[in-house]
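Everything on this sheet refers to the single structure shown next.
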Number of protein chains: 2
Amino acid sequence: MDSIKAIETLGALAQTTRLDVFKLLVRHEPTGLPAGQIAKQLDVPPNTMSSHLSILSRANLLSSKRESRLIIYRANLATMNAVMAFMLENCCSGDDCAPIANQLERLCQ
Amino acid sequence: MDSIKAIETLGALAQTTRLDVFKLLVRHEPTGLPAGQIAKQLDVPPNTMSSHLSILSRANLLSSKRESRLIIYRANLATMNAVMAFMLENCCSGDDCAPIANQLERLCQ
DNA sequence: TCCATATTTCTACTATTATCGATATATGGA
DNA sequence: TCCATATATCGATAATAGTAGAAATATGGA
(Lines give C-alpha, C1' and ligand atoms only; values in the text may rest on other atoms or scores of the structure.)
Protein backbone atom coordinates (compact mmCIF):
# COMPACT_ATOMS: atom_id res chain seq x y z
CA MET A 1 0.00 0.00 0.00
CA ASP A 2 1.30 3.47 -0.91
CA SER A 3 0.55 6.83 0.70
CA ILE A 4 -2.22 7.70 -1.75
CA LYS A 5 -4.10 4.49 -1.03
CA ALA A 6 -3.47 4.88 2.70
CA ILE A 7 -4.99 8.37 2.65
CA GLU A 8 -8.08 7.06 0.86
CA THR A 9 -8.42 4.26 3.41
CA LEU A 10 -7.88 6.47 6.45
CA GLY A 11 -10.20 9.12 5.03
CA ALA A 12 -12.92 6.54 4.49
CA LEU A 13 -12.71 5.51 8.14
CA ALA A 14 -12.41 9.05 9.52
CA GLN A 15 -16.14 9.73 9.60
CA THR A 16 -18.64 8.78 12.29
CA THR A 17 -21.17 6.85 10.21
CA ARG A 18 -18.54 5.06 8.17
CA LEU A 19 -16.44 4.02 11.16
CA ASP A 20 -19.63 2.73 12.77
CA VAL A 21 -20.45 0.77 9.61
CA PHE A 22 -17.03 -0.81 9.52
CA LYS A 23 -17.09 -1.74 13.21
CA LEU A 24 -20.56 -3.21 12.77
CA LEU A 25 -19.50 -5.30 9.79
CA VAL A 26 -16.39 -6.57 11.56
CA ARG A 27 -18.68 -7.85 14.31
CA HIS A 28 -20.82 -9.53 11.62
CA GLU A 29 -18.00 -11.38 9.91
CA PRO A 30 -18.09 -13.61 8.02
CA THR A 31 -21.80 -13.43 7.15
CA GLY A 32 -22.07 -9.71 6.46
CA LEU A 33 -25.24 -7.60 6.48
CA PRO A 34 -27.59 -6.23 3.79
CA ALA A 35 -27.48 -2.48 3.11
CA GLY A 36 -30.92 -1.88 4.53
CA GLN A 37 -30.09 -3.60 7.81
CA ILE A 38 -26.97 -1.48 8.16
CA ALA A 39 -28.95 1.69 7.55
CA LYS A 40 -31.68 0.69 9.98
CA GLN A 41 -29.27 -0.44 12.67
CA LEU A 42 -27.36 2.85 12.55
CA ASP A 43 -30.48 4.97 12.04
CA VAL A 44 -29.34 6.60 8.80
CA PRO A 45 -31.56 7.09 5.69
CA PRO A 46 -30.92 4.35 3.11
CA ASN A 47 -29.69 6.72 0.40
CA THR A 48 -27.27 8.45 2.76
CA MET A 49 -26.02 5.05 3.86
CA SER A 50 -25.65 3.97 0.25
CA SER A 51 -23.30 6.87 -0.36
CA HIS A 52 -21.19 5.92 2.66
CA LEU A 53 -21.13 2.27 1.63
CA SER A 54 -19.91 3.31 -1.78
CA ILE A 55 -17.08 5.37 -0.29
CA LEU A 56 -16.01 2.45 1.91
CA SER A 57 -16.22 0.10 -1.08
CA ARG A 58 -14.17 2.42 -3.29
CA ALA A 59 -11.51 2.37 -0.56
CA ASN A 60 -11.68 -1.41 -0.73
CA LEU A 61 -12.72 -1.64 2.91
CA LEU A 62 -15.97 -3.41 2.01
CA SER A 63 -16.95 -6.09 -0.44
CA SER A 64 -20.50 -6.73 -1.58
CA LYS A 65 -22.50 -9.33 -3.40
CA ARG A 66 -26.11 -9.38 -4.44
CA GLU A 67 -28.31 -12.09 -2.91
CA SER A 68 -31.67 -11.93 -4.60
CA ARG A 69 -33.06 -8.52 -3.67
CA LEU A 70 -30.50 -7.84 -0.94
CA ILE A 71 -26.97 -6.55 -1.32
CA ILE A 72 -24.79 -8.04 1.37
CA TYR A 73 -21.81 -6.04 2.56
CA ARG A 74 -18.80 -7.53 4.32
CA ALA A 75 -15.76 -5.95 5.95
CA ASN A 76 -12.59 -6.50 3.95
CA LEU A 77 -10.08 -7.21 6.69
CA ALA A 78 -7.20 -7.58 4.24
CA THR A 79 -7.37 -3.85 3.56
CA MET A 80 -7.43 -3.17 7.27
CA ASN A 81 -4.30 -5.25 7.62
CA ALA A 82 -2.69 -3.44 4.71
CA VAL A 83 -3.30 0.01 6.15
CA MET A 84 -1.99 -1.08 9.54
CA ALA A 85 1.10 -2.51 7.90
CA PHE A 86 1.56 0.83 6.15
CA MET A 87 1.31 2.67 9.44
CA LEU A 88 3.79 0.34 11.11
CA GLU A 89 6.27 0.81 8.29
CA ASN A 90 5.99 4.56 7.93
CA CYS A 91 4.76 5.89 11.21
CA CYS A 92 6.41 3.68 13.81
CA SER A 93 9.97 2.77 14.71
CA GLY A 94 11.78 0.25 16.91
CA ASP A 95 10.73 0.14 20.53
CA ASP A 96 7.73 2.30 19.85
CA CYS A 97 5.98 -0.71 18.36
CA ALA A 98 6.11 -2.60 21.65
CA PRO A 99 2.69 -1.53 22.94
CA ILE A 100 1.07 -2.79 19.74
CA ALA A 101 2.93 -6.06 20.05
CA ASN A 102 1.51 -6.56 23.54
CA GLN A 103 -1.95 -5.72 22.30
CA LEU A 104 -1.61 -8.34 19.58
CA GLU A 105 -0.49 -11.03 21.99
CA ARG A 106 -3.66 -10.53 23.95
CA LEU A 107 -5.87 -10.59 20.85
CA CYS A 108 -4.34 -13.46 18.93
CA GLN A 109 -3.09 -15.71 21.78
CA MET B 1 -9.07 5.74 22.81
CA ASP B 2 -12.73 6.05 21.83
CA SER B 3 -14.29 6.36 18.37
CA ILE B 4 -14.44 10.15 18.49
CA LYS B 5 -10.75 10.45 19.24
CA ALA B 6 -9.95 7.78 16.64
CA ILE B 7 -11.84 9.72 13.96
CA GLU B 8 -9.93 12.89 14.82
CA THR B 9 -6.62 11.01 14.63
CA LEU B 10 -7.43 9.20 11.37
CA GLY B 11 -8.78 12.41 9.85
CA ALA B 12 -5.62 14.27 10.77
CA LEU B 13 -3.54 11.67 8.94
CA ALA B 14 -5.87 11.37 5.94
CA GLN B 15 -4.41 14.30 4.04
CA THR B 16 -1.36 14.40 1.79
CA THR B 17 0.62 17.18 3.45
CA ARG B 18 -0.16 16.03 6.96
CA LEU B 19 0.69 12.39 6.32
CA ASP B 20 3.96 13.58 4.77
CA VAL B 21 4.65 15.69 7.85
CA PHE B 22 4.05 12.79 10.18
CA LYS B 23 6.20 10.39 8.16
CA LEU B 24 8.97 13.01 8.04
CA LEU B 25 8.86 13.54 11.79
CA VAL B 26 8.89 9.81 12.51
CA ARG B 27 12.11 9.63 10.51
CA HIS B 28 13.47 12.52 12.58
CA GLU B 29 12.77 11.00 15.95
CA PRO B 30 13.78 11.74 18.61
CA THR B 31 15.25 15.14 17.69
CA GLY B 32 12.27 16.57 15.79
CA LEU B 33 12.33 19.44 13.30
CA PRO B 34 11.47 23.16 13.46
CA ALA B 35 8.28 24.31 11.70
CA GLY B 36 10.16 26.23 9.03
CA GLN B 37 12.29 23.23 8.11
CA ILE B 38 9.21 21.07 7.75
CA ALA B 39 7.57 23.65 5.50
CA LYS B 40 10.69 24.06 3.38
CA GLN B 41 11.32 20.34 3.09
CA LEU B 42 7.77 19.66 1.91
CA ASP B 43 7.58 22.85 -0.21
CA VAL B 44 4.49 24.28 1.49
CA PRO B 45 4.08 27.96 2.54
CA PRO B 46 4.87 28.45 6.24
CA ASN B 47 1.39 29.65 7.17
CA THR B 48 -0.29 26.78 5.39
CA MET B 49 2.06 24.39 7.13
CA SER B 50 1.32 26.04 10.46
CA SER B 51 -2.36 25.23 10.00
CA HIS B 52 -1.58 21.59 9.26
CA LEU B 53 0.78 21.38 12.23
CA SER B 54 -1.95 22.74 14.45
CA ILE B 55 -4.42 20.10 13.22
CA LEU B 56 -1.90 17.32 13.88
CA SER B 57 -1.15 18.78 17.30
CA ARG B 58 -4.80 19.08 18.21
CA ALA B 59 -5.11 15.37 17.36
CA ASN B 60 -2.21 14.80 19.72
CA LEU B 61 -0.10 13.33 16.93
CA LEU B 62 2.60 15.97 17.39
CA SER B 63 4.22 17.62 20.36
CA SER B 64 6.11 20.89 20.19
CA LYS B 65 8.46 22.96 22.27
CA ARG B 66 9.98 26.34 21.66
CA GLU B 67 13.76 26.49 21.41
CA SER B 68 14.76 30.11 21.22
CA ARG B 69 13.24 31.34 17.97
CA LEU B 70 12.42 27.89 16.64
CA ILE B 71 9.44 25.72 17.45
CA ILE B 72 10.47 22.09 17.32
CA TYR B 73 7.87 19.53 16.39
CA ARG B 74 8.10 15.85 17.22
CA ALA B 75 5.94 12.87 16.29
CA ASN B 76 3.94 11.54 19.23
CA LEU B 77 4.23 7.80 18.72
CA ALA B 78 2.08 7.01 21.74
CA THR B 79 -0.94 8.37 19.87
CA MET B 80 0.00 6.30 16.85
CA ASN B 81 0.07 3.24 19.09
CA ALA B 82 -3.25 4.17 20.61
CA VAL B 83 -5.01 4.50 17.27
CA MET B 84 -3.57 1.21 16.08
CA ALA B 85 -4.72 -0.45 19.28
CA PHE B 86 -8.17 0.97 18.65
CA MET B 87 -8.18 -0.44 15.13
CA LEU B 88 -7.07 -3.86 16.36
CA GLU B 89 -9.79 -3.92 18.99
CA ASN B 90 -12.65 -2.68 16.83
CA CYS B 91 -11.75 -3.46 13.27
CA CYS B 92 -9.96 -6.79 13.44
CA SER B 93 -10.77 -10.24 14.75
CA GLY B 94 -8.99 -13.50 15.46
CA ASP B 95 -6.95 -14.94 12.62
CA ASP B 96 -7.28 -11.78 10.61
CA CYS B 97 -4.69 -10.18 12.84
CA ALA B 98 -2.03 -12.69 11.79
CA PRO B 99 -0.55 -10.63 8.93
CA ILE B 100 0.00 -7.71 11.28
CA ALA B 101 1.61 -10.00 13.82
CA ASN B 102 4.11 -11.19 11.20
CA GLN B 103 4.81 -7.61 10.19
CA LEU B 104 5.54 -6.76 13.81
CA GLU B 105 7.90 -9.68 14.25
CA ARG B 106 9.97 -8.38 11.40
CA LEU B 107 9.98 -4.82 12.73
CA CYS B 108 10.59 -5.47 16.40
CA GLN B 109 12.67 -8.71 16.26
C1' DT C 1 15.26 50.59 20.79
C1' DC C 2 15.20 48.94 16.16
C1' DC C 3 15.55 45.23 13.02
C1' DA C 4 15.59 40.49 11.14
C1' DT C 5 13.92 35.92 11.68
C1' DA C 6 10.49 32.29 12.93
C1' DT C 7 6.01 31.19 13.49
C1' DT C 8 1.22 31.90 14.15
C1' DT C 9 -3.30 34.10 13.58
C1' DC C 10 -6.67 36.48 10.79
C1' DT C 11 -9.38 36.59 6.78
C1' DA C 12 -11.30 35.51 2.55
C1' DC C 13 -11.80 32.34 -1.14
C1' DT C 14 -12.26 27.87 -3.31
C1' DA C 15 -12.95 23.08 -3.19
C1' DT C 16 -14.59 19.06 -1.12
C1' DT C 17 -17.76 16.46 1.78
C1' DA C 18 -22.10 15.16 4.07
C1' DT C 19 -26.91 15.00 3.83
C1' DC C 20 -31.22 13.69 2.00
C1' DG C 21 -35.56 14.31 -1.10
C1' DA C 22 -36.83 12.71 -5.47
C1' DT C 23 -36.17 9.53 -8.98
C1' DA C 24 -34.30 5.42 -11.24
C1' DT C 25 -32.99 0.49 -11.44
C1' DA C 26 -33.22 -4.35 -10.19
C1' DT C 27 -35.43 -8.39 -8.25
C1' DG C 28 -39.14 -11.52 -7.16
C1' DG C 29 -43.94 -12.53 -6.24
C1' DA C 30 -49.07 -12.17 -7.38
C1' DT D 1 -47.65 -7.51 -16.53
C1' DC D 2 -48.20 -4.99 -12.28
C1' DC D 3 -46.76 -4.13 -7.73
C1' DA D 4 -43.85 -4.10 -3.56
C1' DT D 5 -39.29 -4.21 -1.80
C1' DA D 6 -34.27 -3.17 -1.79
C1' DT D 7 -30.81 -0.35 -3.23
C1' DA D 8 -28.49 3.07 -5.96
C1' DT D 9 -28.10 7.48 -8.50
C1' DC D 10 -29.20 12.33 -9.29
C1' DG D 11 -29.35 16.90 -7.83
C1' DA D 12 -29.47 20.57 -4.64
C1' DT D 13 -28.01 22.50 -0.23
C1' DA D 14 -25.36 23.21 3.86
C1' DA D 15 -21.27 22.41 6.31
C1' DT D 16 -16.41 21.65 6.55
C1' DA D 17 -11.63 21.68 4.97
C1' DG D 18 -7.56 23.41 2.37
C1' DT D 19 -5.06 27.34 0.74
C1' DA D 20 -2.40 31.35 1.07
C1' DG D 21 -1.87 36.70 1.38
C1' DA D 22 -1.54 40.05 4.95
C1' DA D 23 -0.92 41.24 9.56
C1' DA D 24 0.33 40.04 14.34
C1' DT D 25 3.35 37.96 17.92
C1' DA D 26 7.65 36.28 19.90
C1' DT D 27 12.64 35.97 20.19
C1' DG D 28 17.34 37.47 20.04
C1' DG D 29 20.94 40.33 18.24
C1' DA D 30 22.98 45.01 16.85
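Below, chain A is the first sequence line, B the second, and so on; all start at residue 1.
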* **Euclidean distance, atom CG of residue A:Asn47 to atom P of D:dT7 [Å, nearest integer]** => 13 Å
* Asked: Hey, does the side chain of A:Ser68 come within less than 4.0 Å of C:dT27's phosphate (OP1/OP2), counting only N and O?
  -> no
* A:Leu62 side, atom CG; A:Leu56 side, atom CG - distance, nearest 0.5 Å -> 4.5 Å
* Structure fact -> note: A:Met49, atom CE; C:dT19, atom C1'; distance rounded to Å ~ 12 Å
* Structure fact -> When rounded to the nearest 0.5 Å, the distance separating CG of B:Leu13 from CG of B:Leu61 is 5.0 Å
* To do: Send over the distance from A:Ile72 CD1 to D:dT7 C1', rounded to a whole Å.
  => 12 Å
* D:dA6: pairing nucleotide in any strand, Watson-Crick or G-U under 3.5 angstrom -> C:dT25
* Asked: Which nucleotide, in any strand shown, forms a Watson-Crick or G-U wobble pair with C:dA30, with both distances under 3.5 Å?
  -> D:dT1
* Asked: Is there a donor-acceptor pair closer than 3.5 Å between any side-chain N or O of A:Thr9 and the backbone N or O of A:Lys5?
  -> yes
* To do: Would you mind classifying the nucleic acid contact of B:Pro46 as base, sugar-phosphate or nothing, using non-hydrogen atoms under 4.0 angstrom?
  => base
* Pick the nucleotide of DNA chain C nearest each of B:Gln37 and A:Glu67; which residue has the one closer to the 5' end? -> B:Gln37
* Quick one: A:Ile55 CD1 to C:dT17 C1', roughly how many Å, whole number? -> 8 Å
* Asked: Rounded to the nearest Å, what distance is computed from the CG atom of residue B:Leu62 to the P atom of nucleotide C:dT8?
  -> 11 Å
* Asked: Side chains of B:Met49 and B:Val21: closer than 4.5 Å at any heavy-atom pair?
  -> yes
* Per B:Ser50 side chain, nearest of listed nucleotides D:dT7, C:dT9, C:dA18 -> C:dT9
* Is any side-chain nitrogen or oxygen of A:Tyr73 closer than 4.0 Å to OP1 or OP2 of D:dA8? -> yes
* Asked: Mapping B:Ile71 and A:Thr17 onto DNA chain C by nearest heavy atom, which one lands closer to the 5' end?
  -> B:Ile71
* Rounded to the nearest 0.5 Å, what separation is found between the OG atom of B:Ser64 and the CG atom of B:Leu25? -> 11.0 Å
* Please determine if a side-chain N or O atom of B:Arg69 lies less than 4.0 Å away from the OP1 or OP2 oxygen of D:dG29. => no
* What is the nucleic acid contact for B:Ser51, judged by heavy atoms within less than 4.0 Å: base, sugar-phosphate only, or nothing? -> base
* Asked: Taking only side-chain nitrogens and oxygens of B:His52, does any of them come within less than 4.0 Å of OP1 or OP2 of D:dT19?
  -> yes
* To the nearest Å, give me how far apart CG (A:Leu42) and C1' (C:dA18) are. => 16 Å
* **Pairwise distance NZ(A:Lys40) to CG(A:Leu33) - rounded to 0.5 angstrom** => 12.5 Å
* To do: Among the candidates C:dT7, D:dA26, D:dG18, find the nucleotide nearest to the side-chain atoms of B:Arg18.
  => D:dG18
* Asked: Rounded to the Å, how far apart are A:Glu8 CD and C:dT17 P?
  -> 10 Å
* **Proximal nucleotide (of D:dA8, C:dT19, C:dT5) relative to the A:Thr48 side chain** => C:dT19
* Structure fact -> Rounded to whole Å, CG of A:Leu56 lies from P of C:dT17 at a distance of 14 Å
* Distance check: side-chain N/O of A:Gln15 vs OP1/OP2 of C:dT19, anything under 4.0 Å? -> yes
